[in-house]
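Naming convention: chains lettered A, B, ... in sequence-line order (proteins, then strands); numbering from 1 in each chain. Just so it is clear, the structure is predicted and the values come from calculations on it, not from any experiment.
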Amino acid sequence: MEHSLFNKYRTKLHETAQLAKRERAGYLFIAPFMLLFCVFTLAPVIISVFYSFTYYNILEPAHFIGWENYSRLILNDDVFLIALKNTLVYAAITGPIGYFMSFILAWLLCELGTALRSVLVFLFYIPSMSSSMYTIWAYFFSGDSYGLINSVLLEFGIINTPILWLQNSKYIMPIIILASLWMSLGTSFLTFVASLQAFDRTLLEAGAVDGVRNRFQELWYITLPSMRPQLLFTAVLSVAQAFSVSDIASNLAGMPSVDYAGHTIVTHLLDYGNIRFEMGYACAIATVLFILMISVNKLLTMFIRRIGK
Amino acid sequence: MKKLKIPHMSRQLNRSRALNVFIYIFLFLVACFMSFPMVFAVSNSLKPIEELFIFPPRIFVIHPTADNYLDLFDVISNSWVPFSRYLFNTVFITAAGTVGQVIFSSLAAYGMSKFKFPGAKFCFNLIVFSIMFTSTVTAIPSYIIISKLGWVDTYLPLIVPFFQSSLGLYLIKQFMDANVPDSLIEAAKIDGAPHFTIYLRIVMPLVKPAWLTLIILCVQNLWNSTGGVYIYSEELKPLTVALNQLATGAISRSGISAAVTVIMLIVPVGVFLASQSRVIETMATSGMKD
C-alpha cells in the first residue's frame with residue numbers, strides 16, 4: 001500500500017520533471033519578468049507586512065513592536081478612521097457608477113460606424129489621457145468669483161457671495177467624486193470597446209431568429225453572459241483603482257484638506273511614509289489597505305462568477 | 001478587410017429608429033462633457049492676459065493670440081537647466097519604460113501562454129492576484145528597496161519597475177490565448193524554427209493589438225511621470241515638473257499654465273490617435289480562427 005503510494009508520487013515527480021525538461025524554454029521566457037516582479041511587487045508586499053510590526057524611521061534600525069501599529073491605527077488614530085470612511089464612500093460611489101458608465105457607453109458605441117466610433121472613443125477617453133487633467137476642476141470650483149461655477153451662479157443670482165468650494169468640508173468629497181467619475185472612462189472603457197468590437201455578431205443574429213426582440217434583451221441574454229471574463233477583469237481593475245484614490249484628492253482639496261474631508265487611506269499612508277518617515281506605521285496602513293482591496297475583490301469575483309449560473 | 005456590414009443584417013436585428021436618435025443625442029452630450037476641459041484648456045491657452053481675468057469668465061476666446069506660447073518659449077530659453085534636458089529626460093523615461101514593458105511582458109506572456117511547464121499556472125495566478133492591488137500599497141517598501149539598490153536620484157526607479165507590469169502581461173497573455181492557435185506554434189516547431197524566432201516572427205505580429213494597447217497605457221503613465229520621491233537633481237527632472245515650476249511661478253503666468261497643459265497633451269493624444277486606428281485595423285485583419 002505504502003509502497004504503491006510512494007511509487008505513484010515517484011512517477012508523478014518523474015512526469016513533472018520530464019515536462020519541465022521538455023518545456024524548459026518557457027522558464028527562460030518568463031524569467032526576466034518574474035525576477036523583476038519578485039523584486040518590485042512581491043518583495044514589497046512581504047516587506048510591508050514585516051515592517052508593519054516594527055518601529056522604523058529609516059535612520060535607525062527597525063525594532064519589533066508587535067501589534068502596536070495596528071492597535072494605534074484602529075484605537076488611537078481618529079484621522080485614519082475619517083480616511084477609511086472617505087475611501088469607502090468614494091469607492092462605493094465611483095466604483096459601480098464608473099463601471100456601469102464605461103460598459104453602457106462602450107455598448108452604445110459598438111453599433112456606430114467605424115469613423116464616428118473612433119472619434120467618440122477618443123473624445124470620451126480624453127480625461128484619462130493625461131494624469132493631470134483633473135486640475136481643470138480646481139479652476140471650475142475655484143473659490144473666488146473667477147471660478148467658472150461661482151461666476152455662473154452669481155450671474156443667475158443663485159448665490160450672493162462666491163462659495164469656497166474646495167475649502168468647505170461639505171463640498172470637497174462630492175467634487176472629488178464628480179471629477180473622478182469624469183475620469184472614469186479609462187482602461188475598463190477601452191477593454192469594453194475592444195471586446196464588444198470583436199464580439200461575434202452572428203450570435204446576435206441567431207438570437208434575433210430565436211425571438212430576441214430589442215437590444216436590451218440582446219444585452220441581457222446574449223452580450224452580457226458571453227462577456228463575463230471581461231466584466232470580471234474590469235471589475236477587479238475598478239476596485240483596485242477606487243481604493244487607491246489619492247492624487248486627485250490631494251491636488252483638488254490640498255493635503256491635509258479642511259477637516260480631513262478629502263483625506264483617504266492612501267493620502268494618510270503618504271503622510272506617514274513620505275512626510276513623517278514613520279515607515280512602520282505607514283506599512284501597517286498599507287497592509288490594511290492591501291487586505292481591504294484583496295477581500296473586496298475576492299467578494300466581487302465570487303459574486304460575478306455566480307451571476308447567470 | 002472592410003467593415004463587415006452585410007446589407008440585410010441590420011434588418012434582421014430589431015432596431016427602433018426613435019431609440020437610435022435618442023442614443024445619438026445622448027452620446028453627443030457625453031462627448032461634449034468629456035471633451036470640455038480640453039477645449040477649455042486650448043481656448044485658455046490662446047487668450048490674451050486681459051481675457052483671462054475678465055468677469056464673468058468666458059469659455060471661448062474672443063481675440064486669439066499666440067502670446068502665451070511665445071512667453072512660454074521665452075521663459076524656457078532663460079531657464080537655468082537647458083530646456084532640451086527636461087525634454088530628453090521625459091522622452092527617455094517614456095521610451096525606455098514603454099519598450100521595456102512591451103518586451104518583458106510579451107516574452108513572459110508567450111512563456112505562460114504557449115508552454116505548459118510546471119509552475120506556469122502558479123506564476124500566472126500570482127500575476128492575476130497582483131492586479132487586485134495597486135502599486136500605491138507598496139510605495140513605502142518599494143522606496144526602501146530602491147534606496148537599498150542605490151537607485152535614488154537616477155532614471156532607473158522611474159523605468160525599471162515599469163518592466164514588470166502585471167496588467168500588461170495579463171492583457172497580452174489573454175490575447176495570445178485567444179488569437180494565437182497552438183497548432184500554428186506546433187507547425188513552426190516542426191519546421192525547425194527556434195523558440196525566439198517563433199516569438200518574434202509569428203506571435204508578436206499576431207498580438208499587435210495587445211501590445212499597441214499596452215503602448216497607449218504606458219506612454220500615458222510615463223509621459224506625465226513627475227519623478228515623485230525619487231528625483232532630486234534639477235537636471236534629471238522630467239518635463240511635467242519643469243513646466244509646472246514655470247507655470248506656477250507667478251499669477252501672470254496662468255496663460256502659460258494653460259499652454260503647458262496643451263503642450264503636454266500633444267504626445268498622449270498623438271499616440272492614442274495613431275494606435276487607436278491601428279488597433280481597429282489589426283482587429284479586423286487578425287481574424288484567424290481554428
Side-chain angles (χ1 to χ4, degrees), chain A residues 16 19-20 23-27 29-30 32-34 36-37 39-41 43-45 47-48 105 108 114 118 120-127 129-133 136 145-146 148 151 155 187 197-198 204-205 208 213-214 236 240 244 246 266 273-274 279 282-283 286 289-290 293-294 297, chain B residues 3 9 12-15 23 27 30-31 34-35 37-38 40-41 53 55-57 104-105 107-108 110-112 115-118 120 123 130-134 136-142 144-145 160-161 163-164 166 169 195 213 217 220 224 229 264-265 268-269 272-273 276-277 279-280 283:
Chain A
T16 314
L19 198 64
E23 302 278 300
R24 64 186 179 279
Y27 291 114
F29 277 102
I30 70 161
F33 186 97
M34 288 314 285
L36 290 178
F37 180 78
V39 176
F40 294 107
T41 301
V45 171
I47 291 175
S48 184
L105 287 171
L108 291 176
T114 316
S118 311
L120 285 176
V121 167
F122 169 67
L123 290 179
F124 289 1
Y125 193 67
I126 285 175
M129 201 86 77
S130 148
S131 56
S132 59
M133 276 303 258
I136 207 95
S145 50
Y146 293 112
L148 209 59
S151 78
E155 188 84 345
T187 318
Q197 250 182 81
L204 296 184
E205 285 159 36
R213 275 199 309 279
N214 56 43
V236 166
S244 58
S246 69
V266 176
N274 293 346
M279 295 303 188
C283 284
L289 181 63
F290 174 77
M293 278 181 186
I294 299 291
N297 256 321
Chain B
K3 201 174 162 261
M9 194 181 73
Q12 261 186 355
L13 299 179
N14 294 298
R15 292 286 178 267
I23 288 173
L27 289 176
V30 175
M34 289 293 166
S35 54
M38 193 168 84
F40 188 74
F53 291 101
F55 184 83
F104 278 68
S105 5
L107 277 173
Y110 177 55
M112 287 181 192
F115 292 88
K116 311 265 156 328
F117 57 89
C123 288
S130 77
I131 295 177
M132 292 193 177
F133 58 90
T134 49
T136 42
V137 171
T138 56
I140 305 295
S142 294
I144 296 172
I145 289 177
V160 180
F163 292 175
Q164 46 94 41
S166 305
L169 169 61
H195 292 298
T213 312
L217 299 178
Q220 264 161 33
N224 293 294
V229 289
M264 285 309 286
L265 263 178
V269 167
F272 185 80
L273 286 179
Q276 190 201 9
S277 56
V279 166
I280 288 161
M283 286 278 193

Considering only heavy atoms and a distance below 4.5 Å, find which of A:G273, A:A240, A:S246 pairs most often with chain B.
A:A240

Heavy atoms, side chains only, cut-off 4.5 Å: are B:F133 and A:V45 in contact?
yes

If one checks every heavy atom of B:I131 against chain A at 4.5 Å, the contacting part turns out to be both

Examine whether an atom of B:V229 lies under 4.5 Å from a heavy atom of chain A, and if so say whether it belongs to the side chain, the backbone or both; otherwise answer neither.
side chain

With a 4.5 Å heavy-atom cut-off, do A:I47 and B:I145 have their side chains touching?
yes

When heavy-atom pairs shorter than 4.5 Å are enumerated against chain A, which of B:P118, B:S166, B:G111 gives the highest number?
B:P118

Between atom OG1 of B:T134 and atom CZ of A:F290, what is the distance when rounded to the nearest 0.5 Å?
10.5 Å

Could you walk me through whether A:L123 and B:M34 pass side chain to side chain contact (heavy atoms under 4.5 Å, CB included), step by step?
CA-CA 6 Å; A:L123 290 179; B:M34 289 293 166; 5.5 Å; no

Chi angles and distances behind the side chain to side chain contact (heavy atoms under 4.5 Å, CB included) call for B:L27, A:F124
CA-CA 9 Å; B:L27 289 176; A:F124 289 1; 4.0 Å; yes

Taking every heavy-atom pair that is under 4.5 Å apart, which of A:V236, A:L108, A:V39 has the most such pairs with chain B?
A:L108

Are B:V269 and A:F122 close enough that some pair of their side-chain heavy atoms sits under 4.5 Å apart?
yes

For A:E23 versus B:K116, what's the shortest heavy-atom pair and its separation?
OE1-N, 2.6 Å

So, does B:Q164 use its side chain to make a donor-acceptor pair with the main chain of A:F33 at under 3.5 Å?
no

CZ-SG distance between A:F37 and B:C123, expressed to the nearest 0.5 angstrom
9.0 Å

B:M112 vs A:M34 side-chain heavy atoms within contact, under 4.5 Å
yes

Flag the pair A:V121 / B:F272 as yes when at least one side-chain heavy-atom distance between them is below 4.5 Å, and no otherwise.
yes

With a 4.5 Å heavy-atom cut-off, do A:S48 and B:V137 have their side chains touching?
no

Any idea which of A:N274, A:L36, A:I126 has the most non-hydrogen atom pairs under 4.5 angstrom with chain B?
A:L36

Are the side chains of A:M293 and B:M132 in contact, using a 4.5 Å heavy-atom criterion?
no

Select one option (side chain, backbone, both, neither) describing which atoms of A:Y125 are under 4.5 Å from chain B's heavy atoms.
side chain

Option passing ring-ring contact (aromatic ring centres under 6.0 Å, His included) with A:F29 (candidates B:F115, B:F104, B:F117):
B:F115

What residue in A:S244, A:A282, A:C283 has the most heavy-atom pairs under 4.5 Å with chain B?
A:S244

Pick one of side chain, backbone, both or neither for B:S142, based on which atoms fall under 4.5 Å of a heavy atom in chain A.
both

Interatomic distance, A:L120 atom CG to B:S35 atom OG [nearest 0.5 angstrom]:
9.5 Å

